[in-house]
Q: 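My questions all concern the structure below.
Along the sequence shown, residues are numbered consecutively beginning with 1. All values reported here derive from a predicted model rather than from experimental measurement.
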Amino acid sequence: QVQLVESGGGSVQAGGSLRLSCITSGPTNNINYMAWFRQAPGKEREGVAGISTTGGNTDYDDSVKGRFTISRDNSKNAMYLQMNSLKSEDTARYFCAARISIPNSSSWRRVGGFSTWGQGTQVTVSS
């Protein structure tokens, strides 16, 4: 069974940076797409960024374009989210997720499309 473990969260001031990591283990051969989601208290889980594990195509939510960068190192079974120019509204618990099929550009952020989730890592941005 595929397992995902996130790390790298923490508390930073607005304008600061953090780098999240997601390490995968288990039978990952069937994983073709991974993504970062976040969920703030009282809000629905939302897609932040996604990446194909093969071609490296990426997707971003408009709220993070130009500030966040998703990347993957297949040799390390790792996915990363570099977060720059953080804002207070970025405060949330961040989850990595994996799926077998590659979604189209309009459905990559659908929570139900992902079969495997990590436990999350908390990001808190103070203004």
Side-chain angles (χ1 to χ4, degrees):
Q1 185 173 350
V2 175
Q3 291 186 324
L4 308 175
V5 179
E6 304 95 333
S7 63
S11 297
V12 295
Q13 290 189 332
S17 299
L18 283 173
R19 187 194 193 208
L20 306 184
S21 298
C22 173
I23 304 300
T24 61
S25 61
T28 59
N29 290 346
N30 291 333
I31 299 300
N32 289 299
Y33 191 88
M34 296 186 68
W36 287 99
F37 286 77
R38 65 187 180 187
Q39 187 167 20
K43 295 188 177 181
E44 293 186 352
R45 191 168 296 190
E46 62 178 5
V48 175
I51 186 167
S52 164
T53 62
T54 53
N57 293 334
T58 57
D59 299 287
Y60 291 94
D61 183 75
D62 286 345
S63 66
V64 305
K65 282 181 180 177
R67 301 189 298 122
F68 292 9
T69 302
I70 190 171
S71 62
R72 178 164 172 84
D73 186 340
N74 289 339
S75 68
K76 297 181 179 180
N77 287 332
M79 179 178 68
Y80 306 100
L81 185 68
Q82 178 66 44
M83 304 186 297
N84 298 328
S85 302
L86 283 162
K87 305 175 181 179
S88 57
E89 50 261 45
D90 295 318
T91 294
R93 190 165 185 84
Y94 284 69
F95 300 86
C96 70
R99 58 182 288 166
I100 295 174
S101 61
I102 297 177
N104 58 38
S105 58
S106 63
S107 64
W108 70 270
R109 69 188 73 219
R110 190 171 67 87
V111 171
F114 290 81
S115 55
T116 305
W117 294 83
Q119 294 299 308
T121 184
Q122 180 67 33
V123 171
T124 303
V125 184
S126 58
S127 57

Q: At what distance, to the nearest 0.5 angstrom, does CD of Gln1 lie from OG of Ser25?
A: 9.5 Å
Q: Can Lys65 and Asp62 be counted as an ion pair, charged N to O under 4.0 angstrom?
A: yes
Q: Are the side chain of Arg38 and the backbone of Ala92 linked by a donor-acceptor contact shorter than 3.5 Å?
A: no
Q: Can you see which heavy atom on Phe114 is nearest to which on Ala97, and at what distance?
A: CD2-CB, 3.5 Å
Q: Which pair of heavy atoms, one from Met83 and one from Val123, lies closest together, and at what distance?
A: CE-CG2, 3.8 Å
Q: Would you confirm whether Tyr80, through its side chain, and Thr69, through its main-chain N or O, come within 3.5 Å as a donor-acceptor pair?
A: no
Q: CD of Gln3: more than 12 outside heavy atoms within 6.0 angstrom?
A: no
Q: When rounded to the nearest 0.5 angstrom, what distance separates OG1 in Thr24 from CD1 in Ile31?
A: 8.0 Å
Q: Rounded to the nearest 0.5 Å, how far apart are CD1 of Ile70 and CG of Leu81?
A: 6.5 Å
Q: Is there a salt bridge (Lys or Arg N to Asp or Glu O under 4.0 Å) between Arg109 and Asp59 once you walk through the steps?
A: CA-CA 9 Å; Arg109 69 188 73 219; Asp59 299 287; over 6 Å; no
Q: Is the shortest side-chain heavy-atom distance between Ile102 and Thr54 below 4.5 Å?
A: yes
Q: Specify the closest pair of heavy atoms between Ala49 and Tyr60, including all atoms of both residues, with the distance to one decimal.
A: CB-CD2, 3.7 Å
Q: Is the side chain of Ser127 donor-acceptor paired with the backbone N or O of Ala14 at a distance under 3.5 Å, no angle test?
A: no
Q: As an exercise, state the distance from CG of Asp90 to OG of Ser85, rounded to the nearest 0.5 Å.
A: 9.5 Å
Q: Between Arg72 (side chain only) and Thr53 (backbone N and O only), is there a donor and an acceptor less than 3.5 Å apart?
A: no
Q: I need the minimum non-hydrogen distance between Val64 and Val48, along with the two atoms involved.
A: CG2-O, 3.5 Å
Q: For the side chain to side chain contact (heavy atoms under 4.5 Å, CB included) test, which of Asn74, Ile51, Ile23, Asp73 pairs with Met79?
A: Ile51
Q: Once rounded to the nearest 0.5 Å, what's the spacing between atom CG of Leu86 and atom CZ of Phe68?
A: 5.0 Å
Q: Between Trp117 and Phe37 (judged by ring centroids, cut-off 6.0 Å), do the two rings come close enough to count as a pair?
A: yes
Q: Which heavy atom of Leu20 sits nearest to which heavy atom of Thr121, and what is that distance?
A: CD2-CG2, 3.9 Å
Q: Would you find a donor on one side and an acceptor on the other, under 3.5 Å apart, between the side chain of Glu6 and the backbone of Gln119?
A: yes
Q: Please answer: with hydrophobic residues joined when any side-chain heavy atoms are less than 4.5 Å apart, are Tyr33 and Val2 in the same cluster?
A: no
Q: Quick one about Arg99 and Ser101 (side-chain donor to acceptor, distance below 3.5 Å, no hydrogens or angles considered), yes or no?
A: yes
Q: So, taking the atom named CG in Asn30 and the one named CD1 in Ile100, what distance separates them when rounded to the nearest 0.5 Å?
A: 5.5 Å
Q: Looking at every heavy atom in both Met34 and Cys22, which two are closest together, and how far apart are they?
A: CE-SG, 4.0 Å
